[in-house]
Amino acid sequence: MKLIEVKTYEELSEIAANIIAAQVILKPDCVLGLATGSTPVGTYKKLAEKNKAGIIDFSAVKTVNLDEYEGLEGTHDQSYRYFMNKNLFDNINIDKKNTYVPNGCAADLEKEGKEYDELIKSLGGIDIQLLGIGVDGHIGFNEPDDFFTAATHPVVLDPSTIEANARFFASADDVPRKAITMGMMSIMQAKKILMVANGKNKFDILKASIEGPVDPKVPASILQLHPDVTVIYSEV
Ligand code: GLP
């Protein structure tokens with residue numbers, strides 16, 4: 001694992017955007033694995049700026065997102081589809097038909113998960129997967145558990161995740177209790193992984209993920225087994 005510690009969120013965003021931009025320049029029809037949460041917002045803003053400046057072209061890029069809340073339509077302002085449109089896809093020259101987010105409104109989420117993994121396979125796998133990290137160590141919505149789950153699957157969110165994400169909703173009661181998330185197989189099969197973490201509250205879990213034992217109780221610790229992971233951390 002390569003750890004890059006920087007002083008500011010601005011620097012974190014610039015470095016992360018440069019790494020993703022390099023991938024798009026090297027392989028214009030690459031598959032980007034994308035993440036939601038507040039941490040990647042700055043990275044997306046910088047990618048949009050680079051696109052406007054003519055430095056990168058998204059016209060042939062495909063994207064697959066990590067996760068989605070159960071029961072939220074893409075038009076709901078807290079759905080991850082809405083988040084991606086607003087923070088990235090609406091601001092770059094990507095064809096929205098090439099952007100994929102798991103469907104949290106599918107009647108059968110197990111089936112949706114299987115189809116999502118098939119889709120990723122049919123795209124040729126993920127070239128670079130961007131990840132944030134939850135305060136409980138989750139990646140995507142892979143919550144602490146007794147085992148790592150390979151496939152894209154429905155999950156019941158941890159109380160700590162509901163509390164952490166309540167800031168985006170009117171109240172904690174409005175946060176969906178369930179979600180669908182890419183499992184560890186598609187994440188670990190990505191050719192490169194880029195994790196961004198920002199803030200003092202992420203330090204301990206990041207340290208446990210990087211230096212502690214590989215343990216499904218700390219989901220991000222599985223990344224120690226991946227050959228090409230870059231983590232960018234800024235305290236503020
Ligand atoms: C959500 C997402 C995760 C994300 C996490 C951290 O729970 N499902 O993919 O990494 O939030 O978010 P933030 O960057 O806002 O701390």
Side-chain angles (χ1 to χ4, degrees), residues 6 8-10 12-13 16-17 20 32-46 63-72 76-84 86-88 100-104 109 113 116 126 128-145 148-149 152-169 172 174-184 186-188 190 193-206 208-210 218-223 229-236:
V6 293
T8 63
Y9 176 70
E10 176 75 17
L12 175 155
S13 304
I20 295 170
L32 301 178
L34 298 178
T36 52
S38 49
T39 316
V41 170
T43 305
Y44 293 152
K45 201 164 157 254
K46 292 199 180 280
T63 67
V64 285
N65 259 78
L66 284 167
D67 47 11
E68 181 58 282
Y69 287 114
E70 184 192 44
L72 297 193
H76 189 289
D77 67 0
Q78 288 311 324
S79 74
Y80 285 164
R81 161 54 74 184
Y82 187 95
F83 173 100
M84 289 309 302
K86 181 170 140 239
N87 287 291
L88 185 65
Y100 302 94
V101 179
N103 178 9
L109 287 183
Y116 202 69
I126 298 165
I128 185 165
Q129 176 65 55
L130 178 63
L131 296 173
I133 182 168
V135 281
D136 62 357
H138 72 231
I139 50 178
F141 269 136
N142 290 277
E143 296 283 28
D145 210 332
F148 292 112
T149 302
T152 297
H153 60 289
V155 284
V156 175
L157 299 177
D158 246 42
S160 67
T161 300
I162 292 167
E163 197 191 312
N165 290 359
R167 67 190 194 278
F168 301 113
F169 291 81
D174 295 310
V175 183
R177 268 37 190 173
K178 291 183 189 164
I180 176 166
T181 183
M182 200 188 279
M184 294 306 192
S186 294
I187 295 174
M188 291 297 281
I193 292 183
L194 173 60
M195 173 177 271
V196 286
N198 170 235
K200 281 195 179 116
N201 65 332
K202 295 285 173 72
F203 183 81
D204 289 345
I205 195 67
L206 197 59
S209 305
I210 295 172
V218 181
S221 65
I222 198 172
L223 300 176
V229 181
T230 302
V231 179
I232 313 176
Y233 173 71
S234 75
E235 194 179 273
V236 288

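These numbers come from the heavy atoms of this one structure, side chains and all, not from hydrogens, waters or symmetry mates. Order of listing sets the numbers, starting from 1, for every ligand and every atom in it.
- The aromatic rings of Tyr69 and Tyr80 lie tilted to each other, with the angle between the two planes from 30° to 60°.
- When the side-chain hydrogen bond (donor to acceptor under 3.5 Å, both in side chains) test is applied to Glu143, the partners found at least two apart in sequence or on another chain are His138, Thr161.
- Using a 4.0 Å cut-off between a side-chain N of Lys or Arg and a carboxylate O of Asp or Glu, Glu10 and Lys46 qualify as a salt bridge.
- From Thr230, atom OG1 reaches atom CG of Leu131 across 11.5 Å, with rounding to the nearest 0.5 Å.
- At least one side-chain heavy atom of Leu32 sits less than 4.5 Å from a side-chain heavy atom of Ile128.
- Within 4.0 Å of ligand 1, counting heavy atoms only, the contacting residues are Thr36, Gly37, Ser38, Thr39, Asp67, Tyr80, Gly132, Ile133, His138, Gly140, Phe141, Asn165, Arg167, Lys202.
- For Phe203, the CZ atom is loosely surrounded, since the number of other residues' heavy atoms within 6.0 Å does not exceed 12.
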